[in-house]
Trainee: 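Next up is a structure, given as structure tokens.
Each chain gets a letter, A, B and so on, in the order its sequence line appears, and its residues count up from 1. Below, all heavy atoms of this structure are taken into account, side chains as well, without hydrogens, waters or symmetry copies.
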Amino acid sequence: MSIGSDPRRLAPTPSQTVGPYFGFALPWPQGPFVVPEGTAGAIRIGGRILDGEGRPVPDAMVETWQADAEGRFAHPDDPRGAVEWGEFRGFARCPVDAEGLYSILTLKPGPVPGPGETIQAPHVAMSIFARGLLQRLVTRVYFGDEEERNAEDPVLSTLPFGPDVRSTLIADPVDGGYRFDVRLQGDDETLFFAI
Amino acid sequence: MDEVERKAELGESPKLWPGPGQGLVVPGYRRDHEAVDPPHDWPDYRGTILRHPKRPLVPIPNTLSDVTGPALGEDRVGEADFDLTAGFAGEPQGQRLVVHGRVLDGNGRPVRDTLVEVWQANAAGRYWHKVDTHPAPLDPNFTGVGRCMTDSEGRYRFVTVRPGAYPWGNHYNAWRPAHIHFSLFGRAFAQRLVTQMYFPDDPMFPYDPIFNAVRDHQDRKRLICEFDFDATTPEWALGYRFDIVLRGREQTPFEEAH
């Protein structure tokens with residue numbers, strides 16, 4: 001199982017698809033709620049998962065992970081010290097419906113320190129799982145009303161693509177929150193990351 | 001002596017983190033999973049054809065968003081959730097199994113207190129899911145969902161029944177080898193893993209495009225559990241062992257010095 005010369009080094013277990021039959025096992029009623037309904041300042045982030053023919057994917061699942069409104073993480077590896085979160089979980093899991101729609105309730109994250117002296121614009125990390133995806137796809141949700149911070153963001157500002165591709169990472173402000181569609185394939189394909 | 005020098009002399013951090021000229025250095029997770037994971041584009045598995053991105057993934061360094069992750073579990077895992085055979089009026093059909101193992105990271109360290117979720121078909125190869133139309137019987141005493149937390153050594157344990165193989169529409173006479181789905185979080189968004197555990201010597205292996213999407217034979221072997229006589233319980237259940245390795249973190253200079 002070891003790799004190379006370091007005997008402690010173990011090769012990772014490979015990924016396999018989540019398949020079509022996770023719906024009775026992984027979702028749970030509070031899954032889509034990073035914060036409980038009625039939380040002051042809560043926003044919805046929602047949209048549609050679409051395939052290479054522009055059709056809704058009816059059997060996908062979205063997971064999100066993000067900082068709190070101050071840009072901090074409830075995690076021991078945040079060097080500023082982990083914050084204690086009350087009902088803010090940082091994480092959401094939402095299966096899509098028959099129309100490919102997901103929706104989570106959360107708080108908009110604050111800016112997060114990036115590599116070196118950079119500051120990352122507010123963003124939400126997103127995983128997409130589905131039948132036909134042999135490993136998850138990872139993208140990021142940035143916010144369309146954060147133009148200045150987005151312009152300084154170390155990821156957004158160094159993409160090897162033009163504004164059309166960059167725009168696939170930007171959620172549009174809508175009533176009550178933001179709209180973020182994910183196109184798995186095609187001319188307007190969402191940008192996905194290797195993290 | 002200015003304020004910064006004075007504080008430095010006193011051994012205090014001259015400025016709130018991140019300090020001037022220091023910046024933030026986050027040790028990331030190694031990318032050795034990229035060599036073992038199946039490709040997104042794998043036409044033998046027809047479901048990938050319209051769902052794989054055609055633009056290459058853009059590599060980005062791990063940031064705080066990636067090296068942190070949710071601590072799920074306490075509110076989601078009941079005492080009996082490790083036992084997929086419990087909580088029903090009667091015993092499920094099928095061969096009872098103990099499936100156990102350890103969750104380690106790529107540096108060989110146990111991943112403690114992390115949520116492990118499993119789901120599977122019943123002994124006849126039918127899922128408790130409305131989309132599954134395979135004409136095999138549902139079992140009123142088995143839904144096939146389990147959860148548990150790893151202990152301080154990274155160990156987990158489930159009690160279940162052996163899942164059946166089942167047909168799927170991918171190609172003529174297509175059957176999935178028997179498998180149990182696993183979902184793991186580790187301690188970082190970068191470590192998230194969803195996979196499937198297979199059983200030794202399954203005759204369906206050569207025909208299954210999902211299993212074979214893991215291109216290297218040695219890597220595929222790590223998806224197969226081992227019969228475990230020590231975990232086999234007399235008069236009750238067969239034991240199988242399945243260890244899971246999540247991505248390991250790049251060594252920090254501090255650790256390398258040891």
Side-chain angles (χ1 to χ4, degrees), chain A residues 1 3 8-26 28 51-53 57 59 65-67 73-75 77-80 89-91 112-117 120 123 125 127 129-137 155 159-160 184-185 189 191-195, chain B residues 17-18 23-24 32-34 36-40 42 47-48 50-55 57-70 72 76 104 106-108 117 119 127-129 131-132 143 145 181 183 189-190 192-196 210 213-214 219 222-223 244-248:
Chain A
M1 243 180 165
I3 289 178
R8 295 168 305 173
R9 215 167 249 208
L10 304 176
T13 303
S15 170
Q16 293 273 269
T17 181
V18 78
Y21 301 129
F22 59 82
F24 68 106
L26 296 182
W28 81 105
D51 73 11
E53 290 180 339
V57 173
D59 52 7
W65 170 245
Q66 63 171 94
F73 294 94
H75 192 281
D77 288 359
D78 189 325
R80 299 160 292 181
R89 195 175 51 213
F91 173 80
V112 172
E117 303 280 356
Q120 302 187 77
H123 66 276
S127 303
F129 300 88
R131 174 183 69 83
L133 299 186
L134 284 159
Q135 31 170 316
R136 67 171 170 165
L137 287 168
V155 172
L159 293 177
L184 301 179
Q185 188 187 86
E189 183 174 303
L191 185 74
F192 298 104
F193 294 109
I195 62 165
Chain B
W17 179 94
L24 172 61
D32 44 5
H33 69 295
E34 292 177 355
V36 309
D37 279 340
H40 292 284
W42 191 252
T48 66
L50 287 173
R51 295 186 173 188
H52 73 272
K54 295 194 169 175
R55 194 188 300 115
L57 305 189
V58 172
I60 54 173
N62 284 177
T63 72
L64 277 183
S65 312
D66 311 297
V67 302
T68 58
L72 297 173
R76 281 210 66 209
L104 302 168
N107 297 320
E117 298 167 288
W119 69 104
Y127 282 93
W128 194 270
H129 192 294
V131 176
D132 187 356
T143 53
V145 181
H181 294 267
S183 162
F189 183 72
R192 183 85 175 92
L193 177 69
V194 170
T195 190
Q196 300 179 25
I210 294 178
V214 176
D219 293 332
R222 294 198 309 280
L223 294 173
I244 298 160
V245 179
L246 305 179
R247 290 167 67 185

Trainee: Given that the side chain runs from C-beta out, which part of Val18(A) has a heavy atom under 4.5 Å from chain B: side chain, backbone, both or neither?
Mentor: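 Both the backbone and the side chain of Val18(A) come within 4.5 Å of chain B.
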Trainee: Chain A: which of Leu104(B), Asn62(B), Leu72(B) shares the most heavy-atom pairs with it under 4.5 Å?
Mentor: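 Of the options given, most contacts go to Leu72(B).
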Trainee: Looking only at heavy atoms and a cut-off of under 4.5 Å, which of Asp51(A), Ile195(A), Val112(A) has the most pairs with chain B?
Mentor: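 Heavy-atom pair counts peak at Ile195(A).
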Trainee: If you tally heavy-atom pairs under 4.5 Å against chain A, which of Gly108(B), Gly47(B), Gly106(B), Pro61(B) wins?
Mentor: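 Of the candidates given, the most pairs with chain A belong to Gly106(B).
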Trainee: Report yes or no: is the cationic atom of Arg76(B) (NZ for Lys, CZ for Arg) under 6.0 Å from the centre of the six-membered ring of Phe91(A), at an angle within 45° of the ring normal?
Mentor: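 Here Arg76(B) fails the 6.0 Å and 45° test against Phe91(A).
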Trainee: Run the side-chain contact (heavy atoms from CB on, under 4.5 Å) test against Ala213(B) and tell me which residues pass, sequence neighbours left out.
Mentor: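 By the side-chain contact (heavy atoms from CB on, under 4.5 Å) rule, Ala213(B) matches Leu134(A), Pro38(B), Trp42(B).
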Trainee: Is the shortest side-chain N to carboxylate O distance from Asp59(A) to Arg51(B) below 4.0 Å?
Mentor: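 A salt bridge is present here (some side-chain N lies under 4.0 Å from a carboxylate O).
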Trainee: Measure distances from His181(B) to the heavy atoms of chain A and classify the residue's part below 4.5 Å as side chain, backbone, both or neither.
Mentor: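 Interface part for His181(B): side chain.
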Trainee: Between Leu191(A), Leu133(A), Asp77(A), which residue shows the highest count of heavy-atom pairs closer than 4.5 Å to chain B?
Mentor: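 Among Leu191(A), Leu133(A), Asp77(A), the one with the most close pairs to chain B is Asp77(A).
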Trainee: With a 4.5 angstrom heavy-atom cut-off, could you sort out which part of Phe73(A) is near chain B: side chain, backbone, both or neither?
Mentor: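 The answer is the side chain of Phe73(A).
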Trainee: Within the distance-only criterion (no hydrogens, no angle test), does the side chain of Asp132(B) pair as donor or acceptor with the backbone N or O of His129(B) below 3.5 angstrom?
Mentor: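 Flag not set: sc Asp132(B) to bb His129(B) has no pair under 3.5 Å.
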Trainee: Looking only at atom types and distance, does a side-chain atom of Arg247(B) sit under 3.5 Å from a main-chain N or O of Asp32(B), one as donor and one as acceptor?
Mentor: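 Such a contact is absent between Arg247(B) side chain and Asp32(B) backbone.
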Trainee: Look at the side chain of Thr17(A) and the backbone N and O of Ala130(A), then say whether any donor-acceptor pair between them is shorter than 3.5 Å.
Mentor: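 Checked: pair present.
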Trainee: Quick one: which of Val245(B), Val214(B), Val36(B), Asp219(B) gives a side-chain contact (heavy atoms from CB on, under 4.5 Å) with Thr13(A)?
Mentor: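 Exactly one candidate clears the test, Val245(B).
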Trainee: Using a cut-off of under 4.5 Å on heavy-atom pairs, state which of Glu117(B), Arg192(B), His52(B), His33(B) scores highest against chain A.
Mentor: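 Heavy-atom pairs under 4.5 Å are most numerous for Arg192(B).
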Trainee: In terms of heavy-atom pairs under 4.5 Å, which option from Ile244(B), Val194(B), Thr48(B) contacts chain A the most?
Mentor: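 Ranked by heavy-atom pairs under 4.5 Å with chain A, first place is Val194(B).
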Trainee: What part of Ser183(B) gets within 4.5 angstrom of chain A, counting heavy atoms only: side chain, backbone, both, or neither?
Mentor: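 For Ser183(B), the side chain is the part near chain A, not the backbone.
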Trainee: Verify whether one side chain among Trp65(A) and Thr68(B) offers a donor that lies under 3.5 Å from an acceptor in the other.
Mentor: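 Checked: Trp65(A)/Thr68(B) side chains pair up, N/O donor to acceptor below 3.5 Å.
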Trainee: Quick one: of Leu26(A), Val155(A), Leu159(A), who has the most non-hydrogen atom pairs under 4.5 Å with chain B?
Mentor: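 Most heavy-atom pairs under 4.5 Å with chain B: Leu26(A).
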Trainee: Taking side chain as everything from C-beta outward and backbone as N, CA, C, O, which of these in Gln66(A) sits under 4.5 Å from a heavy atom of chain B? Side chain, backbone, both or neither.
Mentor: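 Interface part for Gln66(A): neither.
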Trainee: Tell me whether Glu189(A) contacts the main-chain N or O of Arg55(B) through its side chain, where contact means a donor paired with an acceptor under 3.5 Å.
Mentor: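 Yes; judged by distance alone, with no hydrogens or angles, the pair exists.
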Trainee: Answer with side chain, backbone, both or neither: which region of Leu193(B) has an atom nearer than 4.5 Å to a non-hydrogen atom of chain A?
Mentor: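 Side chain of Leu193(B) only, per the 4.5 Å heavy-atom cut-off to chain A.
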Trainee: Below 4.5 Å from any heavy atom of chain A, which atoms of Gln196(B) appear? Answer side chain, backbone, both or neither.
Mentor: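 When you check distances to chain A, atoms from both the backbone and side chain of Gln196(B) fall under 4.5 Å.
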Trainee: How far does CZ of Arg136(A) sit from OG of Ser127(A), to the nearest 0.5 angstrom?
Mentor: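 So the gap between those two atoms works out to 4.0 Å.
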Trainee: Checking Ala67(A) against chain B: side chain, backbone, both or neither under 4.5 Å from a heavy atom?
Mentor: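 Looking at Ala67(A), nothing touches chain B.
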Trainee: Counting only heavy atoms closer than 4.5 Å, note whether Tyr127(B) contacts chain A via side chain, backbone, both or neither.
Mentor: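 Only the side chain of Tyr127(B) comes within 4.5 Å of chain A.
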Trainee: Given a strict heavy-atom distance threshold of 4.5 Å, which part of Phe22(A) is in contact with chain B: side chain, backbone, both, or neither?
Mentor: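 Both the backbone and the side chain of Phe22(A) come within 4.5 Å of chain B.
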Trainee: Measure the spacing between OG1 of Thr195(B) and CD of Gln16(A) and express it to the nearest 0.5 Å.
Mentor: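 Thr195(B) OG1 to Gln16(A) CD: 5.0 Å, rounded to 0.5 Å.
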Trainee: Heavy-atom pairs under 4.5 Å with chain A: which of Thr143(B), Val131(B), Ile210(B) has the most?
Mentor: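 Max contact count across the listed options: Ile210(B).
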